[in-house]
Amino acid sequence: MRAFLRRRLVDPVTALLRQGLAPETVALSLALGATLGLFPVLGATTVLCVAVGAGLRLSHPALQVANYAVSPLQLPLVLVFVRIGERFTGTAPMPFSVERLLAFFREDPLAFVQRFGGTGLHGILGWLAVAPLVGGALYLGLVPVLRFAVRPMAPGTAA
């Protein structure tokens, strides 16, 4: 597991820092990539990362590394975001069974969207409430770590 994390997360981030990207830029890219990676609409996160990266001129590799790093959390957090959104809107909690939802989606995707579209909007609302906190905390936590990591790479320092 350690080798996997090093190869898929640490090495790509180190490469970006060695290319001269500022630690703050890499931190922002990673924080936004992870935050967008938790967006509760399956299949939308890569497109969101590309759009945000292009719009803010951030590092696409860092955005996608973070997006893929948090992907195991996306599905379990969908229900959390839906519940938060339901609380904001005062809506009664929707019964939630992943197996039944998947079966219903396979049977009739259009009926699925009609029936559960509001639930999806609750999930997006919940994510919107949490995203600034997650992104901000990640950014504030990553900046000092990446600044520290880049120090040994600076010219004139021993490697």
Side-chain angles (χ1 to χ4, degrees), residues 1-2 4-10 12-13 16 21-147 149:
M1 181 65 154
R2 199 176 246 167
F4 176 81
L5 288 175
R6 180 165 191 81
R7 188 175 67 248
R8 297 291 183 184
L9 187 63
V10 175
V13 171
L16 291 170
L21 280 165
E24 295 79 10
T25 301
V26 176
L28 183 59
S29 299
L30 291 170
L32 286 175
T35 304
L36 293 169
L38 299 175
F39 188 72
V41 177
L42 301 179
T45 61
T46 299
V47 174
L48 286 173
C49 286
V50 168
V52 167
L56 298 178
R57 300 180 54 116
L58 295 174
S59 167
H60 289 284
L63 282 158
Q64 295 303 339
V65 161
N67 175 22
Y68 294 131
V70 300
S71 64
L73 301 173
Q74 183 188 22
L75 191 56
L77 287 175
V78 168
L79 180 59
V80 173
F81 294 139
V82 167
R83 295 295 183 238
I84 292 169
E86 289 170 343
R87 282 217 159 176
F88 278 134
T89 60
T91 306
M94 173 77 120
F96 213 84
S97 164
V98 174
E99 295 82 21
R100 288 196 331 213
L101 288 174
L102 288 173
F104 189 53
F105 178 76
R106 285 187 198 115
E107 288 173 20
D108 189 351
L110 184 58
F112 176 86
V113 171
Q114 289 172 338
R115 181 166 179 200
F116 296 106
T119 301
L121 292 176
H122 290 142
I124 292 169
L125 178 61
W127 177 83
L128 285 169
V130 173
L133 302 172
V134 170
L138 285 172
Y139 177 76
L140 292 175
L142 285 168
V143 167
V145 171
L146 295 176
R147 282 182 184 160

Not counting sequence neighbours, which residues clear side chain to side chain donor-acceptor pair (under 3.5 Å) with [X]? List them please.
X: Glu99; result: Ser97
X: Gln74; result: none
X: Arg147; result: Glu24
X: Thr91; result: Thr89, His122

Report the distance from atom [atom1] of [X] to atom [atom2] of [Y], rounding to the nearest 0.5 Å.
X: Arg7; Y: Arg2; atom1: CZ; atom2: CZ; answer: 15.0 Å
X: Leu21; Y: Leu28; atom1: CG; atom2: CG; answer: 11.5 Å
X: Phe112; Y: Glu107; atom1: CZ; atom2: CD; answer: 11.5 Å
X: Ile84; Y: Leu125; atom1: CD1; atom2: CG; answer: 9.0 Å
X: Gln114; Y: Asp108; atom1: CD; atom2: CG; answer: 7.5 Å
X: Glu86; Y: Thr119; atom1: CD; atom2: OG1; answer: 6.5 Å

Grab the two heavy atoms, one from [X] and one from [Y], that are nearest each other, plus how far apart they are.
X: Gly53; Y: Leu63; result: CA-CD1, 3.4 Å
X: Ala31; Y: Thr35; result: O-OG1, 2.7 Å
X: Leu16; Y: Ala62; result: CD1-CB, 3.6 Å
X: Leu146; Y: Pro23; result: CD1-O, 3.6 Å
X: Ala69; Y: Pro72; result: O-CD, 3.5 Å
X: Gly33; Y: Ala66; result: C-CB, 3.8 Å

For the backbone of [Y] and the side chain of [X], can you confirm whether one donor and one acceptor N or O come within less than 3.5 Å of each other?
X: Arg87; Y: Val82; result: no
X: Ser29; Y: Ser59; result: yes
X: Gln64; Y: Cys49; result: no

Check the pair Val13, Val26 against side-chain contact (heavy atoms from CB on, under 4.5 Å), reporting the backbone distance first and the verdict last. CA-CA 8 Å; Val13 171; Val26 176; 4.0 Å; yes
I'd like to know whether Val65 forms a side-chain contact (heavy atoms from CB on, under 4.5 Å) with Leu9, so could you lay out the CA-CA distance, the side-chain angles of the two residues, the decisive distance to 0.1 Å, and finally the verdict. CA-CA 6 Å; Val65 161; Leu9 187 63; 3.3 Å; yes
Heavy-atom count check: over 12 atoms from other residues, nucleotides or ligands less than 6.0 Å from Arg57 CZ?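 No.
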Heavy-atom check, side chain of Val70 versus side chain of Thr45, under 4.5 Å: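 Side chain of Val70 against side chain of Thr45, heavy atoms only: no contact under 4.5 Å found.
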Kindly assign one of parallel, tilted or perpendicular to the pair Phe116 and Phe104, based on the angle between their ring planes and the thresholds 30° and 60°.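 Ring orientation of Phe116 relative to Phe104: perpendicular.
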Hey, could you give me each pair passing ring-ring contact (aromatic ring centres under 6.0 Å, His included) that has a residue in residues 29-61? Not counting sequence neighbours.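 Only Phe39-Trp127 qualify under ring-ring contact (aromatic ring centres under 6.0 Å, His included).
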If we check side chain to side chain contact (heavy atoms under 4.5 Å, CB included) with Leu32, which of these qualifies: Asn67, Val52, Leu138, Leu48?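 The single option meeting the side chain to side chain contact (heavy atoms under 4.5 Å, CB included) with Leu32 is Val52.
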Measure from NZ or CZ of Arg8 to the centre of the six-membered ring of Tyr68, then state whether that distance is under 6.0 Å and the direction lies within 45° of the axis.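 Judged by the rule (NZ or CZ under 6.0 Å from the ring centre, within 45° of its axis), Arg8 is not positioned above Tyr68.
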Could you list the residues that satisfy ring pair (Phe, Tyr, Trp, His ring centres under 6.0 Å) with Tyr139, not counting sequence neighbours?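 So Tyr139 forms no ring pair (Phe, Tyr, Trp, His ring centres under 6.0 Å) with any residue.
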